[in-house]
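Contents: one structure, followed by commentary.
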Amino acid sequence: GTVYRPVEKAKVEVTLPSWLRPTDVFEVTYDGVADVKHEAAGSKLALDLGTLDISKLIIVTRDSGLRKQLQGVYDEQFAANVAAIKSQSP
């Protein structure tokens with residue numbers, strides 16, 4: 001099987017395209033959306049990802065309403081099922 005080792009205190013720095021001036025940065029998880037610590041300086045964006053197990057889905061957007069919209073979709077379509085599955089876990 002595959003063996004992986006989580007990366008503690010993972011940090012990433014990316015160069016953003018000139019047209020992207022983010023107003024929000026967040027992670028999409030099985031529990032909905034979550035904050036991501038970040039710092040912008042010019043065209044650079046530094047992300048503090050915390051513990052990185054396998055992967056993370058990070059959204060960098062200039063749409064200030066996207067986080068709320070995605071959380072709404074999650075709440076409507078997935079939250080109840082996720083809660084039910086989590087309640088059955090040992």
Side-chain angles (χ1 to χ4, degrees):
T2 301
V3 177
Y4 76 93
R5 290 180 182 83
V7 176
E8 303 291 330
K9 300 178 184 175
K11 295 183 181 190
V12 173
E13 183 176 282
V14 295
T15 301
L16 300 173
S18 61
W19 52 264
L20 180 56
R21 294 292 172 244
T23 58
D24 201 5
V25 178
F26 57 94
E27 178 181 4
V28 178
T29 74
Y30 64 87
D31 277 325
V33 297
D35 289 331
V36 172
K37 292 181 185 178
H38 65 282
E39 187 175 320
S43 65
K44 302 286 186 187
L45 181 65
L47 304 168
D48 181 352
L49 302 177
T51 300
L52 180 58
D53 286 312
I54 299 289
S55 66
K56 291 192 177 210
L57 175 60
I58 308 296
I59 305 290
V60 178
T61 182
R62 61 185 196 181
D63 181 347
S64 60
L66 184 60
R67 178 195 295 241
K68 183 177 179 182
Q69 179 184 355
L70 291 177
Q71 185 64 50
V73 170
Y74 173 85
D75 292 343
E76 254 182 51
Q77 297 182 13
F78 303 106
N81 289 338
V82 171
I85 291 168
K86 286 171 66 175
S87 71
Q88 296 172 5
S89 296

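All heavy atoms count here, side chains included; hydrogens, waters and symmetry mates do not.
Atom OH of residue Tyr4 and atom CG of residue Leu52 lie 10.0 Å apart, to the nearest 0.5 angstrom. With rounding to the nearest 0.5 Å, the separation of CG in Asp63 from CG in Asp24 is 9.0 Å. Separating the OG1 atom in Thr61 from the CD atom in Gln69 is a distance of 10.0 Å, to the nearest 0.5 Å.
Under the 4.5 Å side-chain contact rule for hydrophobic residues, Ile58 and Leu16 share a cluster. A chain of hydrophobic side-chain contacts below 4.5 Å, direct or via other Ile, Leu, Val, Met, Phe, Trp or Tyr residues, connects Val60 to Leu49. Leu70 and Val82 end up in different hydrophobic clusters when Ile, Leu, Val, Met, Phe, Trp and Tyr side chains are linked at under 4.5 Å. Both Val12 and Val25 sit in one connected hydrophobic cluster of ILVMFWY residues. Membership requires side-chain heavy atoms under 4.5 Å apart, directly or through other members.
Nearest heavy-atom pair, Val33 versus Gln71, reported as atom, atom and distance to 0.1 Å: N-OE1, 2.8 Å. Between Val36 and Glu27, the shortest heavy-atom distance links the atoms CG2-N, 3.5 Å.
Leu45 is not listed as a side-chain neighbour of Glu13, based on a closest heavy-atom distance of 4.5 Å or more. No side-chain heavy atom of Tyr30 sits less than 4.5 Å from a side-chain heavy atom of Ile85. When side chains are defined from C-beta on, Leu66 counts as touching Ile59, because their heavy atoms get closer than 4.5 Å.
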Working for side-chain contact (heavy atoms from CB on, under 4.5 Å), residues Asp35 and Arg67:
CA-CA 10 Å; Asp35 289 331; Arg67 178 195 295 241; 2.7 Å; yes
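The side-chain contact (heavy atoms from CB on, under 4.5 Å) test with Asp48 is passed by exactly one of His38, Glu39, Lys9, Lys37: Lys37.
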